[in-house]
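Accompanying notes for the structure given below.
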Amino acid sequence: MAFYEQFLDQTKFGSYEDYLKNFHVNVPENFNYAFDVLDKIAEAEPDRTALVWEHVDGREKTLTFGDIAKKSNQAARALQKMGIHKGDAVMLVLKRHYSFWYTIMALHKLGAITVPATHLLTKKDIVYRADAADIKMIIAVDDGAFPAHADEAVGDCPTLEKLVIVDGAREGWEQLDLDGESDAPLERPVLAPDDIMLLYFTSGTSGMPKMVAHNFAYPLGHIQTAVYWQQCIDGGLHLTVSETGWAKSVWGKLYGQWMAGSAVMAYDFEKFIPKNMLAILEKHRVTTFCAPPTIYRFMLLEDVSQYDLSALKHCSIAGEPLSPELYNKWKEQTGHELYEIYGQTELCVTIGTFPWMKICPGSMGKPSPLFDVDLIDDDGNTCPPGVVGEIVVRVRKNPPPGMFMGYYRDPERTKSVWSDGIYHTLDLAWRDEWGYFWYVGRADDVIKSSGYRIGPFEVESALLEHPAVMETAITAVPDPVRGQAVKATIVLNAGYVPSDELKKELQDHVKRTTAPYKYPRIVEFVSELPKTISGKIRRVAIREAGEKKE
């Protein structure tokens with residue numbers, strides 16, 4: 001059952017041009033995903049699998065749409081009794097636990113504001129978020145250090161009324177107990193376009209995290225995510241590698257996948273082990289898979305041929321730009337191409353590789369039909385092919401579903417990126433003569449050296465072609481002559497050891513592979529790169545560490 005079709009005028013497209021021209025999402029009045037998608041699927045096919053969950057310790061659980069609809073009703077009633085109502089902000093720190101799926105649906109049914117968050121937050125992080133968003137309740141799984149940090153923070157959070165635990169018991173915390181709660185349908189709240197459904201805290205290169213607000217139409221923007229980018233299969237099983245505290249989780253573990261008729265695979269682990277991930281793909285017959293480049297890179301260090309991946313039909317990649325070297329290795333070993341996209345927490349799929357397009361390894365693809373995407377120079381003019389500019393989205397009328405409402409309680413920051421009908425992504429790229437976009441880097445990450453502008457990604461791609469390099473991150477360091485110099489922070493593959501000879505070999509390799517002026521004048525070998533829990537390299541942490549050494 002492809003449930004998404006009711007929201008589109010046209011669902012079958014013969015070409016990218018047809019898709020770009022005719023893909024249009026119709027947003028029903030008072031749309032609420034929990035009532036209008038989850039409950040409708042549960043009513044039509046209650047026994048259809050919605051979620052397959054496996055913990056790294058071997059525990060397993062499968063939930064149908066009927067199960068999640070009922071549990072979400074029960075959870076909503078339990079939360080009402082605890083004082084949660086329309087417009088209240090609730091932080092969810094549930095990692096990859098199966099309770100996330102019915103709890104977030106319960107909050108949608110109440111019209112509450114869901115604030116997903118990572119379990120890595122400390123007391124300081126919790127206090128800041130609770131104060132900034134008026135968090136009324138935290139719901140967490142009793143696993144790891146987060147509950148203890150929340151205990152420390154609660155006294156400094158005046159709006160925080162309750163701490164709620166799932167799948168366990170903890171002193172000072174109430175339990176989300178569904179036993180005895182009615183699973184009868186709830187009365188749906190009346191929603192306005194400016195009612196907030198999701199609030200994500202997202203960090204930039206400086207300052208405190210921004211609060212990205214999305215309304216209740218947001219899930220419909222992910223039809224294209226699941227159907228036309230990840231190419232989820234009706235009756236299939238999709239696995240996106242992400243913890244539920246990050247925006248990528250609802251991109252790949254919830255909204256679009258269910259509308260496409262695909263169940264969601266949730267592999268609940270703490271530390272990523274490539275062999276385990278490959279075993280999960282094999283055991284559960286996963287049909288579509290999405291992960292950051294780092295995940296693919298580590299899996300390729302294993303003997304992929306030893307795993308039966310015959311059920312796998314489509315692979316996609318997000319979180320960091322895709323290097324041609326990684327694309328070619330994955331295709332060689334699995335037969336699958338990697339479909340890349342570009343997007344932000346503020347948006348959904350903005351530029352992507354869609355079914356009708358030839359893949360150009362290293363390119364983000366072409367603009368999504370949801371957004372009017374352009375590249376502009378410093379004067380606001382559209383850049384011709386080959387010229388680097390900023391990726392922007394033009395909004396002529398109302399923002400399309402999937403686009404954020406603004407930064408919550410921060411009109412000045414919102415205005416700084418979104419004014420005169422243009423949203424500025426602060427990401428740089430160039431467009432080739434065939435319309436494909438090629439990522440250069442964040443405006444803050446681009447290196448300005450001796451009058452040249454050097455994008456980190458192109459240097460990283462060159463280095464990754466060398467057999468010694470497993471991972472690398474390119475950053476700028478101050479240089480008295482050039483203004484900035486290129487620095488490469490490198491993790492070596494097994495069998496290679498740091499040396500001055502290897503450093504020069506890598507520098508010469510970059511000079512041969514790309515323009516010579518882009519080569520890294522500084523090379524640092526490390527055992528690992530700093531990353532977010534979703535696997536994204538934190539270049540800002542590398543820069544800060546370098547500054548402390550000086």
Side-chain angles (χ1 to χ4, degrees), residues 53 55-57 59 61 71-183 186 196 198-201 208-209 211 243-246 249 266 268-271 408 533:
W53 175 83
H55 194 275
V56 69
D57 66 11
R59 286 177 291 154
K61 196 174 191 71
K71 286 180 179 294
S72 65
N73 288 342
Q74 292 174 313
R77 294 185 189 281
L79 292 171
Q80 279 181 323
K81 291 178 180 178
M82 295 184 205
I84 298 302
H85 304 288
K86 181 177 182 288
D88 290 335
V90 178
M91 180 185 288
L92 294 186
V93 187
L94 296 174
K95 302 177 76 172
R96 295 175 174 89
H97 193 267
Y98 57 81
S99 60
F100 171 82
W101 281 263
Y102 58 76
T103 304
I104 193 173
M105 289 294 108
L107 292 171
H108 292 352
K109 287 182 175 180
L110 295 175
I113 301 172
T114 303
V115 187
T118 172
H119 68 285
L120 297 177
L121 300 182
T122 63
K123 174 188 173 181
K124 178 182 177 182
D125 300 321
I126 296 166
V127 171
Y128 169 73
R129 284 160 174 75
D131 182 60
D134 285 347
I135 301 293
K136 190 173 182 179
M137 176 187 288
I138 293 176
I139 304 176
V141 64
D142 193 12
D143 183 11
F146 177 82
H149 291 311
D151 286 335
E152 296 170 359
V154 67
D156 296 326
C157 304
T159 65
L160 184 56
E161 297 180 3
K162 290 186 187 297
L163 300 176
V164 178
I165 208 79
V166 300
D167 198 22
R170 185 179 179 87
E171 184 179 353
W173 292 61
E174 296 190 31
Q175 288 181 300
L176 186 62
D177 186 2
L178 307 189
D179 291 341
E181 295 291 351
S182 170
D183 60 12
L186 287 91
I196 299 172
L198 275 174
L199 200 61
Y200 275 106
F201 283 82
M208 298 302 288
M211 292 185 286
E243 191 241 4
T244 60
W246 304 96
S249 185
D268 197 343
F269 66 93
E270 190 68 37
K271 180 181 179 182
Y408 187 49
I533 194 170

Where is the tightest heavy-atom contact between [X] and [Y], given as atom of each residue plus distance?
X	Y	value
M137	L79	SD-CD2, 3.7 Å
A132	Y408	O-CE2, 4.3 Å
V164	L176	CG1-N, 3.7 Å
H97	W53	CA-NE1, 3.9 Å
A130	T159	O-OG1, 3.5 Å
A106	A75	CB-CB, 3.7 Å

Heavy-atom side-chain contact between [X] and [Y] under 4.5 Å:
X	Y	result
E161	M82	no
K109	S72	yes
H119	D143	no
I113	V115	yes
T103	I139	yes

Hey, does the side chain of [X] reach the backbone of [Y] with a donor-acceptor pair shorter than 3.5 angstrom?
X	Y	answer
D131	Y128	no
R96	F269	yes
D268	H55	no
Q80	H85	no
T114	L198	no

**Q.** Residue K124 excluded, over 12 heavy atoms near NZ under 6.0 Å
**A.**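 Counting other residues, nucleotides and ligands, NZ of K124 stays at 12 neighbours or fewer.
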Q | Nearest-0.5 Å distance, CD1 of residue I104 to OG1 of residue T244 | A |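 Here the rounded value is 8.5 Å.
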Q: State the CD1-CD1 distance between I126 and I138, to the nearest 0.5 angstrom.
A: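 Reported value, rounded in 0.5 Å steps: 5.5 Å.
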Under 4.0 Å between a Lys/Arg side-chain N and an Asp/Glu carboxylate O for [X] and [Y]?
X	Y	value
K123	D156	yes
K71	D183	no
E174	K162	yes

Q: Sort out for me which residue in I135, L199, L163 forms a side-chain contact (heavy atoms from CB on, under 4.5 Å) with M91.
A: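 So the option named by the test is I135.
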Q | The single option from V141, V166, L107 passing side-chain contact (heavy atoms from CB on, under 4.5 Å) against L92 | A |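 Going through V141, V166, L107 one by one, the side-chain contact (heavy atoms from CB on, under 4.5 Å) with L92 is satisfied by L107 alone.
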Q | side chain to side chain donor-acceptor pair (under 3.5 Å) assessment of W173 paired with D151 | A | CA-CA 9 Å; W173 292 61; D151 286 335; 2.8 Å; yes
